[in-house]
J.: 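Take a look at the following structure, please.
By convention in this document, chain letters (A, B, ...) are assigned in the order of the sequence lines, proteins followed by strands, and residues within each chain are numbered from 1. It should be emphasised that the depicted structure is a prediction, and the values quoted were computed from it without experimental measurement.
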Amino acid sequence: NAGVTQTPKFRILKIGQSMTLQCTQDMNHNYMYWYRQDPGMGLKLIYYSVGAGITDKGEVPNGYNVSRSTTEDFPLRLELAAPSQTSVYFCASSYSSRGRRYEQYFGPGTRLTVT
Amino acid sequence: KQEVTQIPAALSVPEGENLVLNCSFTDSAIYNLQWFRQDPGKGLTSLLLIQSSQREQTSGRLNASLDKSSGRSTLYIAASQPGDSATYLCAAYSGAGSYQLTFGKGTKLSVIP
């Protein structure tokens with residue numbers, strides 16, 4: 001199993017551009033998440049999904065959009081990129097059943113710079 | 001709102017020493033707590049998950065404990081090695097209805113040969 005994969009690894013955007021960060025997991029996990037990690041600030045949840053077709057906002061959703069059309073894929077869309085969106089983005093997935101939550105598994109991250 | 005704190009932010013120990021990393025949380029209605037390791041420029045690697053009904057979990061040289069009443073978790077690393085050098089993060093779900101993991105800012109561990 002590849003686990004959680006993310007593309008691209010690095011990206012530089014100009015202010016106002018848009019892009020999609022890709023995330024795929026092959027563990028048949030029902031839950032998927034997007035986090036951003038800023039130096040000294042810890043990880044913050046952007047969006048999450050509890051299954052195909054179901055998404056919800058996390059702590060810092062402004063400026064981002066997500067969709068979940070399949071169990072495997074959970075792309076994150078940045079519209080009108082701003083310097084404040086310079087960060088490292090991590091996708092994660094986990095399994096949950098009957099209210100129990102199991103380990104979250106993380107992808108290798110996408111380092112995004114907006115200039 | 002759950003808050004997770006890890007102190008100290010950085011720790012340096014000689015190789016072979018046993019050590020304890022600390023994690024505290026404000027909401028005792030914790031659902032479970034997960035410890036991660038992060039190497040520079042890399043993603044997070046899950047080390048241990050403790051369910052709220054458990055008091056500890058062990059994996060190799062690692063032992064994690066959970067004390068909900070005091071709002072604390074510890075990660076014990078036995079016989080530390082230079083390869084253990086990394087940032088260690090703890091994260092907690094707050095309550096049965098929460099889908100959000102709240103992360104601490106991590107403790108950066110350096111094991112000196």
J.: To the nearest 0.5 Å, what is the distance between OG1 (Thr45(B)) and CD (Glu103(A))?
T.: 11.0 Å

J.: Counting only heavy atoms closer than 4.5 Å, note whether Gln6(A) contacts chain B via side chain, backbone, both or neither.
T.: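 Neither; nothing under 4.5 Å.
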
J.: Should we count CE of Met41(A) as having more than 12 external heavy atoms under 6.0 Å?
T.: no

J.: Between Leu45(A) and chain B, with a heavy-atom cut-off of 4.5 Å, which part of the residue counts as in contact: side chain, backbone, both or neither?
T.: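 Only the side chain of Leu45(A) comes within 4.5 Å of chain B.
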
J.: Quick one: OG on Ser94(A) to OH on Tyr93(B), what's the gap to the nearest 0.5 Å?
T.: 4.5 Å

J.: Which value, rounded to the nearest 0.5 Å, describes the distance between Leu101(B) atom CG and Lys44(A) atom NZ?
T.: 13.0 Å

J.: Does atom CD1 of Ile54(A) have more than 12 heavy-atom neighbours, drawn from other residues, nucleotides or ligands, at distances under 6.0 Å?
T.: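 Result for CD1/Ile54(A): enclosed.
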
J.: Same cluster or not: Leu11(B) versus Val111(B), using hydrophobic residues (I, L, V, M, F, W, Y) connected whenever any side-chain heavy atoms lie under 4.5 Å apart?
T.: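 The answer is yes; both residues are in one hydrophobic cluster.
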
J.: Group every Ile, Leu, Val, Met, Phe, Trp and Tyr by side-chain heavy-atom contacts under 4.5 Å, then state whether Val88(A) and Phe106(A) land in the same group.
T.: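 Yes, because Val88(A) and Phe106(A) connect within a single hydrophobic cluster, where side-chain heavy atoms sit under 4.5 Å apart.
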
J.: Give, as side chain, backbone, both or neither, the part of Val50(A) having an atom under 4.5 angstrom from any heavy atom of chain B.
T.: side chain

J.: Count the heavy-atom pairs under 4.5 Å between each of Lys105(B), Gln34(B), Gln6(B) and chain A, then report the option with the highest count.
T.: Gln34(B)

J.: In terms of hydrophobic clustering (I, L, V, M, F, W, Y; side-chain heavy atoms under 4.5 Å; direct or indirect links), are Tyr102(A) and Leu47(B) co-clustered?
T.: no

J.: Which value, rounded to the nearest 0.5 Å, describes the distance between Gln104(A) atom CD and Leu44(B) atom CG?
T.: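 Separation between the atoms: 9.5 Å.
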
J.: Is it the case that atom CD1 in Ile12(A) sees more than 12 heavy atoms from other parts of the structure closer than 6.0 Å?
T.: no

J.: Same cluster or not: Tyr95(A) versus Tyr35(A), using hydrophobic residues (I, L, V, M, F, W, Y) connected whenever any side-chain heavy atoms lie under 4.5 Å apart?
T.: no

J.: Is Leu89(B) in contact with chain A via its backbone, its side chain, both, or neither, using a 4.5 Å heavy-atom distance?
T.: side chain

